[in-house]
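Read through the structure below, which is laid out as C-alpha cells, and then see the notes.
Remember, it's a predicted structure, so these values are computed and weren't measured experimentally. All ligand and atom numbering here is 1-based and tracks the order in the structure.
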Amino acid sequence: MQTISTIGAGIGGIATAIRLARKGYRVKVFEQQSYPGGKLNELRLNGFRFDAGPSLFTLPNLVDELIGSKSSSAFTYHKLELITRYFFPDGTVLNAWAEPERFADEVADKLNDRHSDVQRYLLESKELYELTANTFVYSPFPQLKNFFTLQSLKLALNPKKLKAFETMHQVNCKFFSDPRTIQLFDRYATYNGSNPYLAPGTLTMIPHLEHNIGAYFPNGGMYAITDELVRVARQLGVEFIFNAHVDRVEISNGRTIGVSVNGSGVESSYVINNTDIFTAYQSLLEGVPLAKRLAQQQPSSSALIFYFGVKGTHPQLDVHNILFATDYHSEFRAMEDGGISNDPTVYIFITSKRVASDAPDGFENWFVMINVPPNTGQNWDELRQMAREAIIAKVKRMVGIDLNKLIVTEDYLDPVRIEQRTGSFRGSLYGISSNNRMAAFNRHPNRSKNIKGLYFVGGSVHPGGGIPLCLASAKIVDSYFKPI
Ligand SMILES: Cc1cc2nc3c(=O)[nH]c(=O)nc-3n(C[C@H](O)[C@H](O)[C@H](O)COP(=O)(O)OP(=O)(O)OC[C@H]3O[C@@H](n4cnc5c(N)ncnc54)[C@H](O)[C@@H]3O)c2cc1C
C-alpha cells in the first residue's frame with residue numbers, strides 16, 4: 001500500500017488527507033500540538049467557548065465536497081442574512097445585508113453613493129472572480145498548459161480587466177465618491193492580510209464571495225469545520241498522531257523516503273507538508289534551498305485578538321461587527337512601520353449570538369481583533385496593553401458599551417503566540433503578503449520541483465491563505481495523485 005506522511009493537521013493537511021485516503025492511500029497526519037486544526041482552533045475559558053482563529057466562512061461547497069455524503073454528517077451551516085454591521089466614526093451605522101439589492105439600498109440610504117454604483121461594483125467583482133479564479137486559484141500555477149484555457153485567453157485579450165496596474169483603493173475610488181463606501185470596500189484587502197493602498201485592484205474580486213455568493217456560519221461555530229473534517233478523515237482510515245513534532249523530511253537520491261518524528265524515522269512513499277513554507281525550509285528541509293524569489297517575499301499581516309467573556313447581551317452588535325478607524329490609511333502606514341495605530345479598526349465577532357452554549361446565560365463571548373504587523377521582535381506586551389486600552393475606549397465611544405465594567409474573563413492571541421502554536425512565520429495569518437501585483441506568481445507551488453514525492457499544502461503556498469484557498473491547495477495536491 002502506498003503511504004503518505006502529512007506534516008501538520010491544519011485545514012489544508014486534513015483536507016488533503018481526506019482526498020488521498022479516498023483515493024486509496026494510507027495516510028498518517030503528524031501534528032505537533034495535542035489538537036487538530038492549526039489556526040482553525042477553539043478556546044474554552046471559564047464557561048465560554050471562542051473560535052480562536054478564522055471567523056468568516058465563505059465557499060462552504062469546498063467543505064461539502066470533502067464531507068461527501070451529507071446523510072451521515074451532523075455538520076450544518078446557514079447563510080447569514082446580515083453579513084456585517086459597520087460603525088463609522090461619524091456615528092453612521094450600516095448593515096451589510098446579504099441580499100445585494102437590500103445592501104445597495106442601505107448604502108444609498110446611509111452613504112453618499114448610488115444603488116447603481118453598488119450594483120455595478122458587485123457585478124465587476126463577480127466578473128473579475130470568474131475571469132481569474134480558475135487560472136489563479138484552482139489550477140497549479142504557473143503552468144504552461146493553464147495559459148491555453150478560455151479564461152487565460154480572455155485575460156490576455158483584456159489585461160486591463162485584471163485591474164492589476166491600480167491599487168484596490170484606486171479602483172474603489174473610481175466606483176465610489178463617499179470615503180465611507182471606499183473604506184468599506186478597501187477593508188476586503190485585509191481578508192488575505194494585505195494593505196488596500198498597495199495591493200492590486202485584482203483583489204476587488206473578494207467582495208463577490210461575500211456579497212454575491214454569501215457569508216456562512218457553521219451551526220456549531222467555526223471549529224465545527226475542524227471537528228467534522230477530522231471525523232470524516234478518521235472514517236476513511238486516516239491516522240492522526242498528536243504531540244508528534246516532525247523534525248525532518250527524509251530524502252534519499254532526490255526523493256522523499258519518509259519523515260523523522262520526535263527523533264524516530266517513519267517511512268512513507270510521499271510527504272505532504274502543511275507547515276508554513278518558510279519554517280519548513282528552515283527546519284524540515286535542511287540542504288534544500290528556498291527559491292530566492294520566495295525568500296524575498298514579505299509575510300502577510302498578523303492579528304492581535306482579545307477573547308473577552310462579557311457580562312450582558314448587547315443588541316447593538318450582531319455576529320460580525322466592524323468599528324472603523326477615522327484615518328484608515330494611517331492605520332496601514334503604522335503597520336508598514338511595524339507598529340499599531342492608536343485608533344485601529346476593531347472587529348468584534350460574537351458567536352454566542354447564534355450558539356447559545358458558547359456563553360453562560362446573560363453573557364456574550366467577544367472575539368475582538370485588530371490587524372497588526374508580523375512579528376519582527378516588537379515589544380508585544382507593551383503593544384498589547386496599548387491596544388487593549390485603545391479598543392476599550394473605542395468600544396465605549398462608538399457603541400456605548402463600557403467593557404471595563406463588563407469583562408469577566410479574558411485571554412489573548414498575538415503574533416508571537418500564533419508563531420509558537422502553529423509555526424506560522426512571524427505569526428502571519430495568510431502566508432506571503434499580496435501587496436504587489438506579482439504576489440500570485442511568487443507563491444510556492446504545491447509540488448516540489450527539486451524533491452520527488454514532496455508536496456505542499458496550506459495558507460503559505462499557492463494559491464494563498466484563508467480557508468477556501470487552503471482547501472483549493474488540497475484539491476491541487478490531490479490532482480497529482482492517481483487512485484490506487
Ligand atoms: C486570527 C485569525 C483569523 C483568521 N480569519 C480568517 C477568516 O475569517 N476566514 C478565513 O478563511 N481564514 C482566516 N484566517 C486564516 C486561516 O485560518 C488560515 O489560512 C488557515 O487556517 C491555515 O491553514 P493551514 O492548512 O495553512 O494550516 P495551519 O492552520 O497553519 O496549521 C499548520 C499545522 O501544522 C502544525 N505544525 C507546524 N510545524 C509542525 C511540525 N514540525 N510537526 C508537526 N506539526 C507541525 C501546526 O501545529 C499546525 O497545526 C485567520 C487566521 C487567524 C490566525
Side-chain angles (χ1 to χ4, degrees), residues 5-17 28-41 43 50-60 62-63 84 190-193 206 209-210 215-217 222-223 225-226 229 240-249 259-262 266 271-280 282-285 300-307 320 347 349 367-372 412-415 417-425 427-431 456-461 463-474 477:
S5 292
T6 302
I7 313 170
I11 189 81
I14 304 170
T16 315
K28 287 187 180 178
V29 180
F30 298 100
E31 168 55 54
Q32 65 183 3
Q33 299 293 353
S34 56
Y35 53 86
K39 298 184 184 80
L40 186 42
N41 184 22
L43 168 73
F50 298 88
D51 282 315
S55 54
L56 189 76
F57 184 34
T58 50
L59 298 180
L62 293 170
V63 173
T84 303
T190 65
Y191 279 35
N192 69 2
I206 299 174
L209 301 182
E210 214 174 78
Y216 293 82
F217 185 85
M222 293 297 285
Y223 193 66
I225 302 173
T226 300
L229 294 186
F240 287 89
I241 301 108
F242 294 106
N243 303 307
H245 182 268
V246 175
D247 326 299
R248 205 169 51 244
V249 174
V259 288
S260 161
V261 185
N262 294 335
V266 177
V271 174
I272 314 279
N273 175 70
N274 178 220
T275 72
D276 182 282
I277 195 73
F278 291 106
T279 314
Q282 273 167 11
S283 60
L284 303 179
L285 292 165
S300 80
S301 63
S302 186
L304 176 57
I305 298 128
F306 295 96
Y307 309 98
H320 298 284
Y347 167 61
F349 173 53
F367 165 111
V368 181
M369 177 176 128
I370 61 169
N371 294 310
V372 301
Y412 72 90
L413 187 67
D414 67 2
R417 285 189 168 179
I418 295 172
E419 188 163 15
Q420 281 166 353
R421 290 175 188 177
T422 68
S424 199
F425 183 61
S428 85
L429 303 192
Y430 300 96
F456 298 91
V457 71
S460 66
V461 298
I467 297 169
L469 297 195
C470 291
L471 297 180
S473 74
V477 169

Classify the contact between S55 and ligand 1 as side chain, backbone, both or neither, using a heavy-atom distance cut-off of under 4.0 Å.
both
Take every heavy atom of G423, measure it against each atom of ligand 1, and state whether any distance is under 4.0 Å.
no
Pick one of side chain, backbone, both or neither for how Y191 approaches ligand 1, counting any non-hydrogen atom pair under 4.0 Å.
neither
I'd like to check which ligand 1 atoms, numbered from 1 as shown, lie under 4.0 Å from a non-hydrogen atom of I305.
1 (C)
Looking at ligand 1, is there an atom of it that comes within less than 4.0 Å of some heavy atom belonging to S424?
no
Non-hydrogen atoms of S302 versus ligand 1: any pair closer than 4.0 Å?
no
Regarding atom 53 (C) of ligand 1: of the candidates L429, I14, I467, which has the closest heavy atom?
L429
Counting from 1, what ligand 1 atoms have a heavy atom of F30 closer than 4.0 Å?
43 (C), 44 (N)
Taking only non-hydrogen atoms of G12 and a 4.0 Å limit, the atoms of ligand 1 in range are 25 (O)
What about the rings of F50 and Y307, do their centers lie closer together than 6.0 Å?
yes
If you measure from each non-hydrogen atom of S283 to ligand 1, which part falls under 4.0 Å: side chain, backbone, both or neither?
neither
With atoms numbered from 1 as shown, which atoms in ligand 1 lie under 4.0 angstrom from a non-hydrogen atom of A244?
42 (N), 43 (C)
Residue Q33 vicinity, atoms of ligand 1 by number, heavy atom under 4.0 Å
47 (O)
